[in-house]
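As the structure lists them, so they are numbered: ligands from 1, and atoms in each ligand from 1.
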Amino acid sequence: MKNSYFDLIDQTYYFPQEGFDLRDEHLTFHGISLKHLIDKYGTPFRFIYLPKIGDQIKKARNLFNRAIKKSGYKGTYNFCYCTKCNHFSHVVSEALKHKVNLETSSSFDIDLILNLFKEGKFSKDRFIVNNGYKTDDYLQKIVHLHELGFRNVIVVLDSMEELKRLMHFAGSNKIKIGLRMAINEEPQSSYYTSRLGIRHDEMLDFYKSHIQGNDQVELQMLHFFVDSGIKDSLYYWGEFQRALKLYINLKKECDSLNQFNLGGGFPIRNNLGFEYDFDYMIREIVQNIADACNAEEIPHPNIFTEFGKYTVGEAGAIIFEVLEQKKQNDTESWYIINNSLMNTIPDAWSIQEKFILLPINKWNHEYQRVNIGGISCDHSDYYNSDELNQEVLLPTYPNDDSTPLYLGFFHTGAYQDAISGYGGIKHCLIPSPKHVIIDRDEKGNIIDYVYRNEQSADEMFKLLGYK
Ligand SMILES: Cc1ncc(COP(=O)(O)O)c(C=O)c1O
């Protein structure tokens, strides 16, 4: 007797597991019947389960606060939500119910904060950490926030050049600043320094020559972000220690410095066998900072994080149905789904990101290895097993089966909408540029005109559900 899909999952992983279970032979997500949603809305659809956002925030806060208590750490823990990860009004509003601070990446993010403030969802005493490249427009809006009385706005300088432009726009305002340390990217073939931030070996001189004694700015934060994630690896701890040492050296020169910002990078479950010891990593982070500061007799800094993917990734999913099964040769089976993977989960195609893929029905059928194809014309519009041995195994079924096979990609709540340009939104809310048409008139002369102007903040906000 052959094994069913259920046997496969049951024997390979702990199942049921957090968020996933079966009811009446159909998959449920946090107790919600996906069959009910399919019957109600039809496929394809994406959804976001808002309560998961609060659960993630509470979990991180609890673990940090427990570690702080246990190690006698004197600083505080401050959770910032990184808006670029998912900007939708319902998502940011949900995070704000849990009193998060916000991290911004570009100019429209400031309009977004003002919008949330007007709606009474964000108050002037929360922290706003301004990251990303500072265009003049972005800087002017940040200064405006100060003028409106937002008390805890911290501009994290991404380059030394940004300081000059900030001072130009700041006028008589004294602006709180942070410095972002450029990390050495995780080595693939060779080390290289990230374009984001200020070089580690230039930081102290920059502080002494341009910030110390400068009445227009006050240094409060050191920021670093290891893009490949917070992992218990030699590489991560190496970058962490470099940043910590730099913090200590800066602190010896600068009284006002009291915040150490680790950026984002907590992982999410992208397969059912995922294991990550959040408790251990957080305890190590807190203890390492405490030990290093104690050794140098400097006060423990307040710890900031800017978790994006961790906050919203596990709240989202997208459901498809299989339109057709195709066998292109003896070994290659295809399930063609009723949308495009490139358009809906672009990270799967562009950076080979994996998501949890599960069937919604037919769990008692046998299973086979398949490729999943989208209905766009693009060769790359597919999802399949990879070299990390994340096999795409799904139930078999006869062609004349009366019900289709439904598939869900889970934990897709972070970045996928923005990167795929859902409805016209954009990554980091960087607007679509002007669109110019060039043609020749009847006489053959070149003519040009603007087809559409640069996207405005208002246009973007309508798409994101803000008033
Ligand atoms: C400065 C900064 N902070 C935080 C984040 C969020 O990272 P993650 O979604 O991995 O938590 C990013 C992501 O690009 C970032 O650039």
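- Atom 12 (C) of ligand 1 has Phe225 CE2, 3.3 Å as its closest protein atom, hydrogens excluded (heavy atom only).
- Between Lys84 and ligand 1, a contact under 3.5 Å exists for at least one N or O pair.
- Under 4.0 Å from ligand 1, the heavy atoms of Arg180 that appear belong solely to its side chain.
- Taking any N or O of His223, backbone or side chain, none lies under 3.5 Å from an N or O belonging to ligand 1.
- Of the listed residues (Phe224, Tyr81, Tyr415), the one carrying the non-hydrogen atom nearest atom 6 (C) of ligand 1 is Tyr415.
- Looking at Cys82 next to ligand 1, no N or O pair under 3.5 Å apart turns up.
- A donor-acceptor contact under 3.5 angstrom links the side chains of Glu306 and Asn131, judged on distance only.
- Figure legend: Lys354 and Tyr383 shown as a cation-pi pair, the cationic atom lying under 6.0 angstrom from the six-membered ring centre and within 45 degrees of its axis.
- At under 3.5 Å, not a single nitrogen or oxygen of Gly263, backbone or side chain, sits near a nitrogen or oxygen of ligand 1.
- For ligand 1, none of its N or O atoms has an N or O atom of Asp227 under 3.5 Å away.
- Other residues, nucleotides and ligands contribute over 12 non-hydrogen atoms within 6.0 Å of the NZ atom of Lys124.
- Distances below 4.0 Å separate heavy atoms of Phe307 from the following atoms of ligand 1: 11 (O).
- Considering all non-hydrogen atoms of both residues, Phe108 and Lys141 come closest at CD1-NZ, 4.0 Å.
- Geometric assessment of Lys59 against the ring of Phe278 yields a positive cation-pi assignment under the 6.0 Å and 45° thresholds.
- Near Gly265, the atoms of ligand 1 lying under 4.0 angstrom from a non-hydrogen atom of the residue are 7 (O), 8 (P), 10 (O), 11 (O).
- Residue Glu306 has at least one nitrogen or oxygen atom sitting less than 3.5 Å from a nitrogen or oxygen atom of ligand 1, judged on distance alone.
- Close contacts between ligand 1 and Asn131 involve ligand atoms 1 (C) [criterion: under 4.0 Å to a heavy atom].
- Considering every non-hydrogen atom in both Gly72 and His300, the closest pair reads O-CE1, 4.1 Å.
- Remark: the backbone N or O of Asp158 is paired with a side-chain donor or acceptor of Glu162 at under 3.5 angstrom.
- Around the CD atom of Glu147, the shell of radius 6.0 Å holds more than 12 heavy atoms that belong to other residues, nucleotides or ligands.
- With a 6.0 Å radius and a threshold of 12 heavy atoms from other residues, nucleotides or ligands, His144 has its NE2 atom at or below the threshold.
- Each of the following atoms of ligand 1 lies closer than 4.0 Å to a heavy atom of Lys309: 8 (P), 9 (O), 11 (O).
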